[in-house]
Amino acid sequence: MQDFDAVIIGAGPAGCQCARTLAKSNHKVLLVEQHENFEQNNFSSAATPLKTLEQFNLPETIVGTFWQKITIVTNNISRDWDSPERLGAVLNFAKLRGFLAQKVQAYGGEVWLGYRYVKYDRKNDRTRVFLQRKGGDLILVTTKVLVDATGFTRAVIYPSKRDKPSFLKGTGIEYLIEVEEQNYTKVSNCLTFFLGSKWMPKGYSWLFPMEHKLLKVGAARIHGEHLKIKQNEPLKKYIQLLITDYLKTSNYKIIDVHGSILEYSPGLNDIYYQDNIIAIGDAVSTVNFLGGEGIRHGMYGAEIAAKYIQKYLCNQLSSFKPYQKEMKRYFSFKWNLSEQISRKVYLGYDDSSFEQKVSTLTALKTEDLIDILFFYKFEKAYKLFGGYLKKKILFLLQNLFR
Ligand SMILES: Cc1cc2nc3c(=O)[nH]c(=O)nc-3n(C[C@H](O)[C@H](O)[C@H](O)COP(=O)(O)OP(=O)(O)OC[C@H]3O[C@@H](n4cnc5c(N)ncnc54)[C@H](O)[C@@H]3O)c2cc1C
């Protein structure tokens with residue numbers, strides 16, 4: 001039976017980055033993923049600001065394309081914010097995880113693809129982890145630290161689905177389509193977001209450029225009742241609408257259809273650790289619910305976790321409580337505010353609210369819009385949300401320091 005310092009379940013961005021960091025520090029690491037390869041669950045649109053590449057030392061080979069413009073479209077208006085410089089990238093999600101997993105191996109770690117985590121138990125002071133290949137026998141490994149990086153399923157930290165508390169849920173579906181040159185050029189350097197009842201009630205839809213002539217067309221909504229809008233068509237209907245009504249083409253080929261669920265713990269009340277088990281990434285709600293962006297946040301949280309795992313392995317730490325504390329310090333304020341704004345916007349706004357808010361945004365400089373959308377600097381949006389935002393910020397600050 002093989003023994004490891006850390007077994008990390010789930011080779012998403014968070015699990016991969018945690019394994020990469022630990023393996024680089026010479027710890028004996030096993031990264032486990034249920035899918036046979038990274039193309040199989042290539043679900044994320046993977047848009048990110050430019051800073052992500054430098055922050056996590058990622059090469060340009062994992063970039064689908066760069067973007068330097070944002071467009072927001074409502075039922076009746078469309079507004080652009082652009083820059084002469086690159087503002088961000090749309091990553092190739094499969095290549096991102098493939099690159100990180102290769103790094104784990106290059107630093108001496110093991111990566112087992114096609115192995116599903118089944119359960120763990122404790123015997124003679126060791127944590128035994130039970131893994132299984134499709135249709136195969138159970139395989140046992142032992143570890144000092146077990147990491148839950150299974151995303152929204154939280155498969156390790158909640159052994160039974162019945163134990164899970166209620167989450168704020170969202171569902172997203174995306175088509176990867178191949179289009180003609182002129183259609184690709186129209187949107188090739190731009191992230192386009194669509195808001196309002198026509199495009200995507202209770203959420204938003206999007207059109208992102210990928211590699212040459214490939215576009216990501218997606219739609220996502222949060223689960224819950226909208227105050228005013230009742231219609232609820234399947235997500236695919238809204239994706240088709242973007243292709244026919246916005247791209248205005250019938251000449252396209254669907255290359256892939258993928259999607260996933262997000263489950264976010266309101267108030268960040270996830271379980272962060274239990275004895276020698278530690279949860280990271282979407283398993284502790286690092287995805288920001290306002291824009292559904294979670295790759296770099298999951299990777300950053302994974303680096304925080306890796307720091308404490310190393311201390312634990314070197315007997316400098318006996319509990320992961322300081323990990324939870326640092327995560328809460330970093331995420332709580334902005335994430336709680338984002339969650340509340342997303343409920344207000346996606347489950348409260350009608351079409352005229354969207355038109356009015358997007359018109360107000362027009363006055364913002366591109367860098368300010370990026371600060372709001374990607375760095376959650378909501379103070380730059382006071383004009384947009386006025387008294388509501390001030391009240392919320394005050395309320396959250398009072399609770400944070402109580
Ligand atoms: C449609 C959609 C679009 C998105 N677009 C963006 C975007 O543009 N930009 C952005 O930054 N974020 C985006 N996100 C969010 C982002 O993809 C996630 O926040 C991020 O992937 C979370 O990383 P993670 O490693 O925590 O979890 P995940 O990426 O979910 O990885 C978890 C891994 O664990 C594996 N796993 C689960 N259970 C087991 C098991 N029992 N055994 C073995 N393996 C298991 C899964 O197969 C998976 O590979 C999007 C999400 C969705 C759904």
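Across all their heavy atoms, Asp270 and Val284 have their closest contact at OD2-C, 3.2 Å. Smallest separation of non-hydrogen atoms from Ala94 and Glu39: CB-OE2, 3.7 Å. Here the closest non-hydrogen pair linking Pro13 and Leu100 is O-CD1, 4.2 Å.
Judged by a 6.0 Å distance limit and a 45° cone about the ring axis, Arg296 is positioned over the six-membered ring of Phe375. Annotation: cation-pi geometry not satisfied between Lys213 and Tyr184 (NZ/CZ under 6.0 angstrom from ring centroid, within 45° of ring axis). A cation-pi contact, defined as under 6.0 Å to the ring centre and within 45° of the axis, links Arg154 to Phe167. Taking the ring axis of Phe38 as reference, the NZ or CZ atom of Arg97 does not stay both within 45° of it and closer than 6.0 Å to the ring centre.
Screening Tyr246, Trp206, Tyr204, Tyr238 for a ring pair (Phe, Tyr, Trp, His ring centres under 6.0 Å) with Phe194, the sole residue that qualifies is Tyr246.
A distance-only check finds a donor-acceptor pair linking the side chain of Thr362 to the backbone of Val358 [under 3.5 Å]. Between the side chain of His297 and the backbone N or O of Asp282, no donor-acceptor pair lies under 3.5 Å. Remark: the backbone N or O of Pro209 is not paired with any side-chain donor or acceptor of Trp67 at under 3.5 angstrom. A side-chain donor-acceptor contact under 3.5 Å links Ser83 to the backbone of Glu85. Side-chain atoms of Thr150 come within 3.5 Å of backbone atoms of Ala155 as a donor-acceptor pair (strictly under, hydrogens ignored). Judged by distance alone, with hydrogens and angles left aside, the side-chain atoms of Asp371 form no donor-acceptor pair with the main-chain N or O of Lys377 at under 3.5 Å.
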